[in-house]
S.K.: 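Input: one structure, supplied below.
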Amino acid sequence: QVVLTESGGGLVQAGGSQRLSCVASGRSVSRFAMGWFRQAPGKEREFVTTISWSGTDTHYADSVKGRFTVSRDSGGSTVWLQMNDLKPEDTAVYYCAVRHGYDLGYAADDYDYWGQGTQVTVSS
């Protein structure tokens with residue numbers, strides 16, 4: 001069993017930055033890919049980014065490319081999402097997820113474990 005705990009959400013003004021953290025506990029996730037998703041009110045959960053188990057491969061949704069950066073620690077248990085130049089449309093609950101596999105995952109169904117989510121609100 002893997003437990004994921006996100007932190008770092010809150011209220012930020014448009015154009016500002018925020019850094020989210022996700023810590024995995026329980027079973028080791030050092031060999032698994034991880035990802036971030038988000039869900040705005042009334043919308044489906046959408047892919048934001050994914051990172052390989054080694055941290056060397058990443059992929060981003062077009063909507064966040066160039067503004068968001070995903071990374072993970074050498075032990076593989078912590079992943080961060082650095083968000084810059086935030087926009088009101090980035091407002092959502094952000095979820096961290098672990099994929100029981102080495103390769104990147106781009107859909108919610110690709111992931112096996114999920115955190116409880118952290119709210120990010122960007123004011124205009």
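Values below: every heavy atom of this structure, side chains too, minus hydrogens, waters and symmetry copies. Counting begins at 1 with the first residue of the sequence.
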S.K.: Below 3.5 Å, can you tabulate the donor-acceptor pairs from side chains in residues 28-35 to any protein atom, sequence neighbours excluded?
M.R.:
from: S28; atom 1: OG; to: S30; atom 2: N; distance (Å): 3.3
from: S28; atom 1: OG; to: S30; atom 2: OG; distance (Å): 3.1

S.K.: Kindly determine whether Y94 and R38 satisfy side chain to side chain donor-acceptor pair (under 3.5 Å), including the steps that lead there.
M.R.: CA-CA 4 Å; Y94 283 71; R38 66 187 183 186; 2.9 Å; yes

S.K.: Output, in order, the C-alpha distance, side-chain angles, deciding distance and verdict of side chain to side chain donor-acceptor pair (under 3.5 Å) for T121 and Q119.
M.R.: CA-CA 6 Å; T121 302; Q119 175 71 46; 3.3 Å; yes

S.K.: Do any N or O atoms from the side chain of D57 and from the backbone of S52 form a donor-acceptor pair under 3.5 angstrom?
M.R.: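 No: the side chain of D57 does not pair with the backbone of S52.
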
S.K.: Is V48 close to F68 at the side-chain level, that is, under 4.5 Å between some pair of heavy atoms?
M.R.: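 A side-chain contact exists here, since the closest heavy-atom pair is under 4.5 Å.
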
S.K.: When you compare the side chains of T49 and Y106, does any donor N or O come within less than 3.5 Å of an acceptor on the partner?
M.R.: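 Not at all, the side chains of T49 and Y106 share no donor-acceptor pair under 3.5 Å.
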
S.K.: Looking only at heavy atoms, which two atoms of M83 and V120 are closest? And how far apart?
M.R.: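 Heavy atoms only, the tightest pair is CE-CG2, 3.9 Å.
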
S.K.: Could you measure the distance from the OG atom of S124 to the NZ atom of K87? Nearest 0.5 Å is fine.
M.R.: 14.0 Å

S.K.: Any non-hydrogen side-chain atom of Y60 less than 4.5 Å from a side-chain atom of F47?
M.R.: no

S.K.: Should V79 and W36 be marked as a side chain to side chain contact (heavy atoms under 4.5 Å, CB included) after you check the CA-CA gap, both sets of side-chain angles, and the distance that decides it?
M.R.: CA-CA 9 Å; V79 64; W36 287 94; 3.9 Å; yes

S.K.: Applying side chain to side chain contact (heavy atoms under 4.5 Å, CB included) to H100 and Y111, what does each step give before you reach the verdict?
M.R.: CA-CA 7 Å; H100 197 261; Y111 291 82; over 6 Å; no

S.K.: Any donor-acceptor pair under 3.5 Å linking the side chain of R27 with the backbone of Q1?
M.R.: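 No.
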
S.K.: Charged N to carboxylate O below 4.0 Å: is that the case for D62 and K65?
M.R.: yes

S.K.: Keeping D85 on the side-chain end and R67 on the backbone end, is there a donor-acceptor pair under 3.5 Å?
M.R.: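 Flag not set: sc D85 to bb R67 has no pair under 3.5 Å.
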
S.K.: For the pair Y95 (side chain) and T118 (backbone), establish whether a donor and an acceptor sit closer than 3.5 Å, ignoring hydrogens and angles.
M.R.: no

S.K.: Is it true that a side-chain atom of R99 and a backbone atom of A108 form a donor plus acceptor pair closer than 3.5 Å?
M.R.: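 No; judged by distance alone, with no hydrogens or angles, the pair does not exist.
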
S.K.: So how far is it from H59 NE2 to T50 OG1, rounded to the nearest 0.5 Å?
M.R.: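 So the NE2 of H59 and the OG1 of T50 are separated by 9.0 Å.
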
S.K.: Hey, could you give me the CG/CG distance between D103 and D110, rounded to the nearest 0.5 Å?
M.R.: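 Output value for this atom pair is 8.0 Å.
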
S.K.: Do any side-chain atoms of residues 7-26 form donor-acceptor pairs under 3.5 angstrom with protein atoms, and if so which ones, sequence neighbours left out?
M.R.:
from: S17; atom 1: OG; to: N84; atom 2: OD1; distance (Å): 2.9
from: S25; atom 1: OG; to: V3; atom 2: O; distance (Å): 3.4

S.K.: Begin with the C-alpha distance, continue with both residues' side-chain angles, and end with the deciding distance and a verdict on side chain to side chain contact (heavy atoms under 4.5 Å, CB included) for W80 and D73.
M.R.: CA-CA 9 Å; W80 297 278; D73 69 333; 3.6 Å; yes

S.K.: Verify the cluster assignment for V122 and F37: are they in a single hydrophobic cluster under the rule of side-chain heavy atoms below 4.5 Å apart?
M.R.: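 Not linked; separate clusters.
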
S.K.: Please check: side-chain N/O of R45 versus main-chain N/O of Q39, any donor-acceptor pairing under 3.5 Å?
M.R.: no

